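Quick note on labels: first sequence line is chain A, next is B, and so on, each numbered from 1. Predicted, not measured: the structure shown is a model, and the values here were computed from it. Any value given below was found using the heavy atoms of this structure, including those in side chains, with hydrogens, waters and symmetry copies removed.
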There are 2 protein chains.
Amino acid sequence: MAAVDADGPNTVIPDDRTEPRRQRLSPDERRQQIFECAQKLFNERAYEDVSATDIAAAAGVARGLINHYFGNKRELYLEVIKVNSTVSEVAVAKLPDGSFEERVEVAVAWFLDSLETSGASWLALGSGSIGRDPDLEKILIAAENDSIELLIDATGLAERTKNREQIRAMFRIYTQLVRSGGREWLLRKTLTRPQVHTLLASTLRVIVTEAVPAI
Amino acid sequence: MAAVDADGPNTVIPDDRTEPRRQRLSPDERRQQIFECAQKLFNERAYEDVSATDIAAAAGVARGLINHYFGNKRELYLEVIKVNSTVSEVAVAKLPDGSFEERVEVAVAWFLDSLETSGASWLALGSGSIGRDPDLEKILIAAENDSIELLIDATGLAERTKNREQIRAMFRIYTQLVRSGGREWLLRKTLTRPQVHTLLASTLRVIVTEAVPAI
DNA sequence: GTCATCTATTGACACGGTGTCAATAGTCTT
DNA sequence: AAGACTATTGACACCGTGTCAATAGATGAC
C-alpha cells in the first residue's frame with residue numbers, strides 16, 4: 001500500500017464530527033470515485049495483486065459496494081483497461097502519393113523516426129517491464145492502434161473493407177516486429193538502422209503481397 | 001474439470017479391492033505423474049483457472065501432495081512453462097534435408113505446433129505478470145534462445161559464422177513475430193492457423209533472402 | 001421543523017482456493 | 001512377522017470473492 005493507509009478515504013476528513021461517518025454520494029459520483037481508485041491501483045500493481053479490499057479501502061468504502069456498482073472485480077478491471085486503451089485522437093503523418101514500394105519506405109522510415117525521437121522510454125518497457133507501468137502501456141496500445149491505421153493507409157488497403165479485422169490483426173502482429181526491431185537497434189544496438197529498415201520494409205511488403213491476399 | 005471426474009485417478013481402477021486405496025509410488029514417479037497432469041491442465045486452461053484441487057483430482061492424489069513435491073502451485077506452473085518452452089533437440093533433428101522453402105515450412109509448422117500444444121499456458125505470458133516475475137522471464141529468454149538456434153539451423157545459416165550476432169538479432173525479432181502471431185491466432189482468434197502460417201513463412205523467407213544478406 | 005420514504009451503503013455470511021502439518025498407512029528391511 | 005521409514009493423507013487456519021438483508025443518510029412533503 002502506498003499513500004492511503006489505515007484511516008481510509010482519499011480525501012481525509014479530520015475528526016470533525018460534523019461529517020457523518022457514512023458519506024452518501026450520488027451513484028454516478030460514487031461509481032466514478034471507486035473507478036478512479038481502481039484505476040490507480042491497477043496501474044500500480046497487477047490484477048491479482050490488487051484485492052477488492054484494497055480498492056474498497058482506497059475509496060473508503062465497503063467492499064460490497066464494488067460489486068454493487070461493477071458486478072465483480074474483473075468487470076471493474078476490464079472497464080479500467082477499456083478506458084486506458086481508448087485511442088487518442090493523434091494526427092497521423094500524411095503519406096505521400098506514390099508507388100507501393102515508396103509508400104512502404106516512407107512508412108517504415110516514419111516508424112523508425114518516431115522510435116528514435118520519442119521511443120526511448122517506449123522501448124524500455126517491452127523487454128522487461130511490460131506489466132509494470134500500465135500508464136506507458138496504455139500509451140503504447142493507443143500508439144499501436146494509430147500505427148495500424150497508418151499502415152492500412154500506407155499500404156493502400158484503406159479501400160479493402162472486406163476482412164478489415166483480419167488485416168488489422170496482421171498489422172498488429174507487424175507492429176510487434178517494429179517494436180522488437182527498434183529494441184535491437186536502439187537498446188541492444190545489435191543492428192543498425194539501415195539493417196532494421198531493410199528487415200521491416202521487406203517484411204511489410206511481403207505481408208501485404210502474400211499474407212494479406214491469402215485472407 | 002474435463003475428462004477425469006468424481007472417481008479420481010487417470011488410470012481408472014475397477015472396484016477390485018486387491019489394489020490398496022492408497023497407492024504409494026516412488027517420489028520420482030509420483031512427481032512425474034503430478035507434473036504431467038498439471039501440464040495437461042495448464043495447457044488447456046489459464047493459470048488461475050486451474051486449481052490445485054483440479055490437479056490433485058486429475059492425479060488421483062491429495063492436494064497437499066502437490067505442495068509437498070512442488071512447494072506451491074506457482075512453482076509447479078513455472079516448471080511446466082519451463083518444460084513446455086524448452087525446444088526439444090528432437091525438433092531440430094526432424095528438420096528435413098530439402099529445399100529452403102521446405103525447411104521454412106517445417107520450421108513454421110513446428111512453431112505453430114508447439115504454440116498449439118503449449119496453448120493456454122502461453123496465454124498468461126503476454127498479458128499477465130511478465131515483468132513482475134524474474135523467474136518466469138529467465139525461463140522465457142532461455143526458450144527464445146533455443147528457438148533462435150532452431151531457426152538458424154532451419155534456414156541453413158548455420159555455416160555463416162560471419163555476423164552471427166546480427167543474424168541472431170534478426171531472428172530474435174522474428175520470434176516476437178511468432179509470438180504475436182500466435183496471440184492473434186489462439187487468443188484473439190482474429191486469424192486462422194493457415195493465415196498465420198502464411199504470414200510467418202513468407203516473412204521468414206524474406207528475412208533470410210533480403211534482410212540477412214543486407215548485413 | 002419533523003416525518004416518511006427512498007436508496008446508497010454496510011457488514012456478516014457462505015463458498016472456494018491455498019499452504020501447513022501432525023497423523024496415517026504402504027512398503028521395505030531384517 | 002515386526003519394525004522402521006516415509007509417501008500420503010485430511011483437517012485446519014487463513015484469505016479473497018460475491019451475495020443479501022439490514023442500516024442509515026438524504027430528500028421531499030406537510
Side-chain angles (χ1 to χ4, degrees), chain A residues 1 7-11 13 16-38 41-42 45-80, chain B residues 1 6-11 13 16-35 37-38 41-42 45-80 124 128-129 133:
Chain A
M1 326 262 163
D7 195 65
N10 265 342
T11 54
I13 293 163
D16 213 330
R17 284 285 161 249
T18 57
E19 293 286 338
R21 21 172 68 90
R22 219 187 254 202
Q23 190 176 3
R24 186 187 174 123
L25 301 182
S26 80
D28 283 351
E29 283 176 314
R30 182 63 80 195
R31 201 187 138 89
Q32 178 66 17
Q33 186 219 358
I34 293 175
F35 178 84
E36 282 168 9
C37 292
L41 289 174
F42 282 134
R45 295 181 266 146
Y47 174 74
E48 59 271 12
D49 290 341
V50 177
S51 70
T53 307
D54 292 339
I55 300 171
V61 126
R63 193 171 50 78
L65 208 56
I66 292 174
N67 299 96
H68 178 255
Y69 280 114
F70 295 93
N72 57 37
K73 181 186 160 187
R74 172 137 206 94
E75 278 182 70
L76 170 54
Y77 176 70
L78 288 181
E79 200 164 318
V80 168
Chain B
M1 299 159 232
D7 196 64
N10 265 342
T11 55
I13 293 164
D16 213 330
R17 283 282 162 252
T18 58
E19 293 286 341
R21 24 172 66 89
R22 220 187 253 201
Q23 192 176 2
R24 186 189 175 122
L25 301 181
S26 79
D28 283 351
E29 284 175 313
R30 182 62 80 196
R31 202 188 137 88
Q32 178 66 17
Q33 184 220 358
I34 293 174
F35 178 84
C37 294
L41 289 173
F42 281 134
R45 294 181 266 146
Y47 175 74
E48 59 271 11
D49 289 341
V50 177
S51 70
T53 307
D54 292 339
I55 300 171
V61 124
R63 193 171 50 78
L65 208 56
I66 292 174
N67 299 97
H68 179 254
Y69 279 114
F70 296 93
N72 57 38
K73 182 186 161 189
R74 171 141 207 91
E75 279 182 69
L76 170 54
Y77 174 70
L78 286 180
E79 203 165 317
V80 169
S129 50
D133 200 326

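A/D49 has its CG atom 14 Å from the C1' atom of D/dC15, to the nearest Å. Distance, B/R63 CZ to C/dG17 P: 9 Å, rounded to whole Å. Here D/dT8 presents its P atom at 12 Å from CZ of B/F70, a figure rounded to the nearest Å. Atom-to-atom, OH of A/Y77 to C1' of D/dT17 comes out at 18 Å; the value is rounded to the nearest Å. Put simply, CD on B/Q32 is 17 Å from P on D/dA7, counting in whole angstrom units. Atoms OH (B/Y47) and C1' (C/dG17) sit 11 Å apart, rounded to a whole Å. One interatomic measurement links the two molecules: NZ of B/K73 to P of D/dG16, which rounds to 15 Å at whole-angstrom precision. The distance from atom CD of A/E48 to atom P of D/dT17 is 11 Å, rounded to the nearest whole Å.
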Return all side-chain donor-acceptor pairs below 3.5 angstrom for residues 57-68 of chain B, not counting sequence neighbours, or 'none' if the list is empty.
| unit_1 | atom_1 | unit_2 | atom_2 | d |
| --- | --- | --- | --- | --- |
| B/N67 | ND2 | B/G71 | O | 3.1 |

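Here A/E36 pairs with nothing under the salt bridge (charged side-chain N to carboxylate O under 4.0 Å, His left out) rule; sequence neighbours left out. The salt bridge (charged side-chain N to carboxylate O under 4.0 Å, His left out) check on A/R30 picks up nothing, with sequence neighbours excluded. Every residue two or more places apart in sequence or in another chain was checked for a side-chain hydrogen bond (donor to acceptor under 3.5 Å, both in side chains) with A/T53, and none qualifies. In this structure, the side chain to side chain contact (heavy atoms under 4.5 Å, CB included) partners of A/L78, at least two apart in sequence or on a different chain, are A/R74.
A side-chain contact (heavy atoms from CB on, under 4.5 Å) with B/I55 is found for one member of B/F42, B/F70, B/F35, B/Y77 and no other, namely B/F42.
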Show each protein N/O and nucleotides 4-8 of chain C N/O combination with a separation under 3.5 Å, one pair to a line.
| unit_1 | atom_1 | unit_2 | atom_2 | d |
| --- | --- | --- | --- | --- |
| C/dT7 | O4' | A/R24 | NH2 | 3.3 |
| C/dT7 | O2 | A/R24 | NH1 | 3.0 |
| C/dT7 | O2 | A/R24 | NH2 | 3.2 |
| C/dA8 | O4' | A/R24 | NE | 3.4 |
| C/dA8 | O4' | A/R24 | NH2 | 3.4 |
| C/dA8 | O3' | A/L25 | O | 3.1 |

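Here the side chain of A/N67 is nearest to one of D/dT17, D/dG18, C/dG17, namely D/dG18.
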